[in-house]
Structures are given as C-alpha cells and as structure tokens.
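Taking it in order: structure first as structure tokens, then the write-up.
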Amino acid sequence: MLFTGRRRLLTALLQAQRWPFQPSREMRLVQFQASHLMGPHLGLESGNGGGVINLNAFDPTLPKTMLEFLEQGEATLSVARRALAAQLPVLPRSEVTFLAPVTRPDKVVCVGMNYVDHCKEQNVPVPKEPIIFSKFASSIVGPYDEIVLPPESQATDAMAHVAGFTVAHDVSARDWQMKRNGKQWLLGKTFDTFCPLGPALVTKDSVADPHNLRICCRVNGEVVQSSNTNQMVFKTEELIAWVSQFVTLYPGDVILTGTPPGVGVFREPPVFLKKGDEVQCEIEELGVMINKVV
C-alpha cells in the first residue's frame, strides 16, 4: 500500500488524491536499474512478468524516484498514462534489475494480529483495535533480492560515525503507550510533533564529554527532571553498535539515548502535560528547547 502526497487518511487515499481507480490499461509502476543507465529509473512493467518501459526515456523531465513521482500526483501519473498508450520499446526483463517500488519511505507502518486464524493459532484474543508496529526503511530490499540472516555482533569504532549531539524531547501519550495497541510503545511515542529536536547539532569535537553533561526538564519554570548523562546505562558507542546490528544507520539518523527520572506518569499523583504548558528541555553545552503545548 503506497501513499501519494503527505498527511492523507488511509480510508480516503484514492479519493483524496483523485487518482483514477481503474486506468484504461493495467498500470504497473516500477523502479529499476540497467547496465546502460545511470542510477535508478522509473518504468512501467509491460504486464505481469513482462519487460520494462523506461518512463524517464519517454519524458526526461520525470523524476527518477518513486517518492518524487508520487509526490507530484496527477501531473506525473498522466505522463505515465501517455507512455502506456504509446506502444514504446520494452527493455527485456533479463536486462533490468527490479528495485523495491519505493525506497527510503518516510515510514513503514505494519499491522499485527490482523488475521483471525493467526490469532487462533497463537490462542490469543482477536484485537478490538488495530495493533501497529513499524519497520525501518533500511529493511526494504527489492522483489528478487536475497534475505540476509543477521551476523553475530562485531565491535566497531562507533564514535567515528557520530556527527554531533543535540537536545530531544521524547513526548509520550502514556495511555496509548501503556494501555492500548497491545501495549507496544510505537503509537504513544509517534504522534505528530512528539519529537522536538534542537536547537543545534553540536559537533562531536565541540563537546568535551557527552557522557558527563547536566540534563534538565522544566514545566512552567518548575524543574521536573534533573540528572546527568553519566547516569546512562548504555553509552553512545554501545547504543550505536547495538542498533547497527539490526538496521543500517544513514547520515541524519537520530538516536534518542533515554530520559532521566521525574517523568509525570510515575509521580504521585501522576502529572500530565496540558494545554498552555511550556516545556524547557536543556542539556549542558548543547542548549535549551522551549515548546508550548497547544
């Protein structure tokens, strides 16, 4: 299931984008590579199991990635329709390498426990609401690529791959995190706006010791969390080595390394953010973020 544009409701996807539900001929969009072409290209598969029509050769102004193609919506799809009707040359299937239809999407959202018979085989109740989990974009490979069994852990020079440090606010909807969605954390952590970052990326060589910095959170001027990064159980190097066993880390990827004590849900009585609150998150040497709750 691929989305076009941003922030679209799943149930209204096709209607909202006004893409034709049934094109006049079968439309099979692909990303592919070929030895005589530079980089990935967009194409049309000429029938299930057929060769490929090079859309970028038909119209060189078309983007060469599916993400850009989908973002432009009807404008690019209309070009693909014309190409489909033009009876263009077809590259033999043996001469192309099929890539995943979309590479590096913004997110991969998965639904768990969504088959009644799968629930029965595990002897668990059928969920009353969708259970959502996620895969990282680095887990995507092409339709005919190999699936690689993970190797055992290997030591790496992890800090050599760190660009710098910044402040992050891990905002959490505790009801979603602790009581719903099968008690998986994803939805409670990932509402839009729930990860303020900044104000700057302080380069690694500008920080004397990232594991000895005072860290503080204030709500409406009152200190609610106060600690030091020397309290981290797993230091930066260990976290990078651990995570990179499972996923490929790309330039710009962010790792949030944890939060100190004092979070509202564990107070007596519990305290939660409300409209009008102002939250300040500060880490020594890195800076202060100030975010209003609206």
I need the full list of side chain to side chain donor-acceptor pair (under 3.5 Å) pairs touching residues 285-294, with sequence neighbours left out, sorted by first then second residue. none
Side chain to side chain donor-acceptor pair (under 3.5 Å): which pairs involve residues 196-209, sequence neighbours left out? T203-D205, T203-S206
Residues in side-chain hydrogen bond (donor to acceptor under 3.5 Å, both in side chains) with N220, at least two apart? D277
Are [Y] and [X] linked, directly or through intermediate hydrophobic residues, by side-chain heavy-atom contacts shorter than 4.5 Å (ILVMFWY only)?
X    : Y    : answer
V96  : V90  : no
V52  : L84  : no
L55  : L77  : yes
L213 : V167 : yes
L239 : V207 : no

Side-chain donor-acceptor contacts of residues 29-43 below 3.5 Å, not counting sequence neighbours, with atom names and distances?
residue: Q31; atom: OE1; partner: M66; partner atom: N; Å: 2.8
residue: Q31; atom: NE2; partner: A100; partner atom: O; Å: 2.9
residue: Q31; atom: NE2; partner: P101; partner atom: O; Å: 3.3
residue: H41; atom: ND1; partner: G39; partner atom: O; Å: 3.2

Closest heavy-atom contact between [X] and [Y]?
X    : Y    : value
L62  : N56  : O-ND2, 3.3 Å
V102 : P105 : CG1-CB, 3.9 Å
C217 : V279 : SG-CG1, 3.9 Å
P210 : T229 : O-OG1, 2.9 Å
A137 : R104 : CB-CA, 3.9 Å
P199 : T166 : N-OG1, 4.3 Å

Test item: K120 side-chain N/O and V126 main-chain N/O as donor-acceptor pair under 3.5 Å: no
Heavy atoms, side chains only, cut-off 4.5 Å: are [X] and [Y] in contact?
X    : Y    : result
P260 : C216 : no
R218 : V223 : yes
I53  : F58  : no

Sequence neighbours excluded, the answer for ring-ring contact (aromatic ring centres under 6.0 Å, His included) partners of F98 is Y144
Enumerate, atom names and distances included, each donor-acceptor pair closer than 3.5 Å involving a side-chain atom of residues 247-255, sequence neighbours excluded.
residue: D253; atom: OD2; partner: Y250; partner atom: N; Å: 2.6

Assess whether side-chain contact (heavy atoms from CB on, under 4.5 Å) is satisfied between T236 and M159, documenting all intermediate values. CA-CA 7 Å; T236 303; M159 287 300 288; 3.7 Å; yes
Ion pair R214/E282, N-O distance below 4.0 Å: no
Mind checking the [atom1]-[atom2] spacing from [X] to [Y]? Nearest 0.5 Å is all I need.
X    : Y    : atom1 : atom2 : answer
E26  : N48  : CD    : CG    : 7.0 Å
L286 : C281 : CG    : SG    : 12.0 Å
Q231 : I215 : CD    : CD1   : 11.0 Å

